[in-house]
Amino acid sequence: MDIFFFKLTLIVYLIASAGFLFFIIKKNKKVGYWSHRIMLFGFALNSIYLTLSYYQLGAVPALTFKTSLSFLSWTIIAAYIIFQVKFKLMVLGSFVVPFSTFLMIISSTIPISTITVRPIFKGLWLPLHVGTSLLGDGIFAIAFIAALMYLIQERQIKSKNLGAFYTRLPSLNSLDSLNYHAINYGFLLLTIGMITGSIVAQGSHGSYWRWDPKEVWSLITWLCYAALLHQRMAIGWRGRRSALMSIGCFLILIFTFVGVNFLMEGYHSFESLERSQLP
Amino acid sequence: MIKIVNIGMNHETAPVELRELMAVGEHTIDEVMGTIRTIKDIKESIVLSTCNRVEILFTTDNEKGATESVIDFLCRYSQISREKLLPILYIYNDQEAIRHIFRVGASLDSLIIGEPQILGQVKEAYRIAVNHKSSSVIVNKLMHRTFSLAKKIRTETEISGSAVSISFAAVELGKKIFGDLEGKKVLLIGAGEMAELAATYLVHNRVDKIKVANRTFRRAVEIADQFHGETISFEEIGDQLLHIDIVITSTASPEPIIFSDQVKKAMKGRRNRPLFFIDIAVPRNVEPRVNEIENAFVYTIDDLKGIIEFNLTKRKDEAVKAERMVDEEVIKFGEWLKTLDVVPTIVALKEKCKKIRQIELKKTLSSLGNLTPEQRKSVENLALSITKKVLNDPIVFLKSKENRSSRNLYLDIARRLFNLDSDNENTNKKSYK
């Protein structure tokens with residue numbers, strides 16, 4: 001049953017992505033409005049899918065790479081919906097929704113693996129750790145996309161070559177402020193995610209910190225974002241420089257999310273999570 | 001058969017001195033409308049006069065006579081001799097007249113294609129015509145079609161898309177940098193006409209107080225008063241860069257007055273908040289290298305001109321699409337005009353009743369079951385005679401109006417009452433706004 005909702009979500013997201021792309025190319029507001037509606041519907045389906053998998057598994061559905069990708073795609077859309085309320089940048093959807101759909105497509109190509117749910121996966125702390133970390137990642141993805149949009153728009157204005165993107169993209173100021181807000185909230189959630197993570201680790205392994213690769217790289221990511229926030233708040237960085245740095249930070253975050261799991265062995269990797277025994 | 005004629009001149013055919021003589025102002029419009037209405041052959045009329053054109057559109061049964069009378073009137077009114085007037089006039093008939101008014105309303109015939117004022121001016125002209133009761137069925141329909149077509153063209157093409165004046169392009173850029181211009185601080189250095197115009201646009205966008213620096217202090221005070229702003233001295237410019245968001249320079253100074261190092265220093269103090277320079281001066285007042293500083297943006301007059309040229313060609317491309325939409329609408333309107341003859345309306349009326357009769361007969365006969373041929377015949381006769389008798393009076397009435405001037409009005413009402421053109425009535429239902 002849950003796989004049915006997964007497929008349905010993917011189809012609806014694909015339609016919404018096509019709509020959002022049509023919207024940005026043709027500047028057709030009506031299509032944009034409807035794409036947003038379709039995306040909300042897809043988000044509802046995605047939520048149903050995640051809820052069903054949670055009950056079926058008895059644990060948060062982010063223990064394999066496949067499921068955590070679809071969870072991440074959910075948090076990105078969730079973050080987009082929240083930011084949409086404040087910033088009302090419909091055109092952001094033309095970047096975010098296809099990106100999120102892309103993650104769903106990757107997730108759909110990975111075969112389903114059955115996983116034994118160890119007792120430690122149950123309970124309150126793990127969902128809290130996974131939820132906040134992934135929502136933080138989703139918000140950082142929004143910051144990353146806003147930074148990309150900023151760089152494109154800034155290039156257009158600086159080079160005085162006002163091409164197709166110039167009329168379509170929002171103002172530099174709103175992109176910069178979106179980036180700033182997203183990094184603030186993303187950082188807050190990442191911090192909570194790491195604290196709850198250490199509580200989970202204490203429960204399962206008896207220590208808060210074990211220098212596991214994922215833990216180390218999460219710390220590096222956290223320090224990078226902390227540095228970026230410092231530059232923005234204390235030094236007064238703005239615009240291009242902070243956009244570039246937030247893109248750099250996000251690349252490190254992607255490595256933490258993907259690379260560490262495949263390149264380095266540790267108790268946090270999906271491979272070991274899928275095993276039934278503790279390493 | 002009724003004819004539509006449009007006589008006029010515009011920025012292409014007539015120089016401004018002659019257009020001025022012809023212009024119809026607020027004070028003279030009543031007189032002009034009154035005179036035109038008294039011309040014997042003219043049935044409906046509308047007069048449009050803007051700074052770029054004067055147009056008189058009318059319907060008539062006697063095309064030649066009415067046209068001559070209008071030209072005579074124009075000669076008298078403008079005091080231009082007939083020989084001088086004729087070469088600068090254009091006279092369009094029927095399809096061409098319809099196309100012309102559609103193009104004017106959609107701003108395809110404007111000096112700057114896509115400029116938005118013309119539609120308002122056409123609406124105003126129509127309002128005056130309605131007040132003078134000089135418009136009736138054809139002009140009403142024609143104008144409503146003009147308005148809806150213009151609106152459609154504006155939303156479906158990008159004919160009025162992007163800025164085509166220096167100051168407007170600058171404001172648009174400002175919005176792309178700052179998002180909202182409200183509360184932004186503006187500094188005018190030097191006082192050129194174009195700089196003032198740009199400042200005016202910025203004030204419209206609710207920027208904060210405008211500050212003015214000028215070599216001659218008196219002129220600075222004058223401009224500052226105009227915008228309720230304040231004056232500063234040239235020496236203060238460096239300090240002001242810490243607070244100002246938009247700088248417009250237009251001095252005659254042969255050397256730059258804003259330097260890269262100065263801006264770099266100011267950027268630190270202003271915590272990298274964006275700074276937008278609009279340099280209208282030739283030679284430049286702002287060092288070109290300032291544009292390389294992060295969060296500082298410099299646009300010179302040439303940059304802005306480049307944008308405008310680009311936007312203008314874009315508008316021209318869009319105009320091709322718009323022309324096609326005009327063509328479609330001209331054909332549709334021509335078809336509607338044809339129905340204003342008595343015969344097609346009567347035929348359509350009879351057809352409609354025949355259709356209803358046949359459908360209802362089919363229903364009734366099938367529900368009555370087995371009938372003898374005689375019974376069947378009498379039911380059919382009943383239906384036939386009812387529809388015939390109902391239609392008799394309206395048809396006689398319409399025929400009696402065949403040679404009357406009110407014919408079009410009654411035909412139009414008949415077609416609407418019986419819903420004879422169900423597909424193209426949407427535009428007509430909308431009341432004039």
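Side-chain atoms are counted along with the backbone in the values below, which use heavy atoms only and exclude waters and symmetry mates. Letters A, B, ... are given to chains in the order of the sequence lines, protein chains preceding strands, and every chain is numbered from 1.
Looking at A:Q156, only its backbone comes within 4.5 Å of chain B, counting heavy atoms on both sides. Both the backbone and the side chain of B:N291 come within contact range of chain A, with heavy atoms under 4.5 Å apart. Neither the backbone nor the side chain of A:L175 comes within less than 4.5 Å of any heavy atom in chain B. At a 4.5 Å heavy-atom cutoff, the contact between B:I177 and chain A is made by backbone and side-chain atoms alike. Contact of B:L304 with chain A is not made at all, since no heavy-atom distance falls under 4.5 Å. No part of B:R270 comes within reach of chain A, as not one of its non-hydrogen atoms sits under 4.5 angstrom from that chain. Using a 4.5 Å cut-off between heavy atoms, B:E158 touches chain A through its side chain atoms alone.
Using modelled atom types, one side-chain atom of A:T75 and one backbone atom of A:L134 make a donor-acceptor pair closer than 3.5 Å.
Among all heavy-atom pairs drawn from B:M325 and B:L149, the shortest one is O-CD1, 4.0 Å.
In this structure, CZ in B:F310 is found 6.0 Å from OG1 in B:T313, a value given to the nearest 0.5 Å.
Here A:I157 is the residue among A:I157, A:N28, A:L162, A:N173 with the most heavy-atom pairs under 4.5 Å with chain B.
Counting non-hydrogen atoms of neighbouring residues, nucleotides and ligands closer than 6.0 angstrom, the CZ atom of B:R206 reaches no more than 12 such neighbours.
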**Message:** Before you tell me yes or no, could you show the steps for A:T221 and A:F140 under side chain to side chain contact (heavy atoms under 4.5 Å, CB included), namely the whole-Å CA-CA distance, both residues' side-chain angles and the distance that decides it to 0.1 Å?
**Reply:** CA-CA 11 Å; A:T221 312; A:F140 281 136; 5.7 Å; no
**Request:** Decide yes or no on salt bridge (charged side-chain N to carboxylate O under 4.0 Å, His left out) for B:R103 and B:D109, but give the supporting numbers first.
**Result:** CA-CA 6 Å; B:R103 291 186 74 243; B:D109 199 51; 3.5 Å; yes
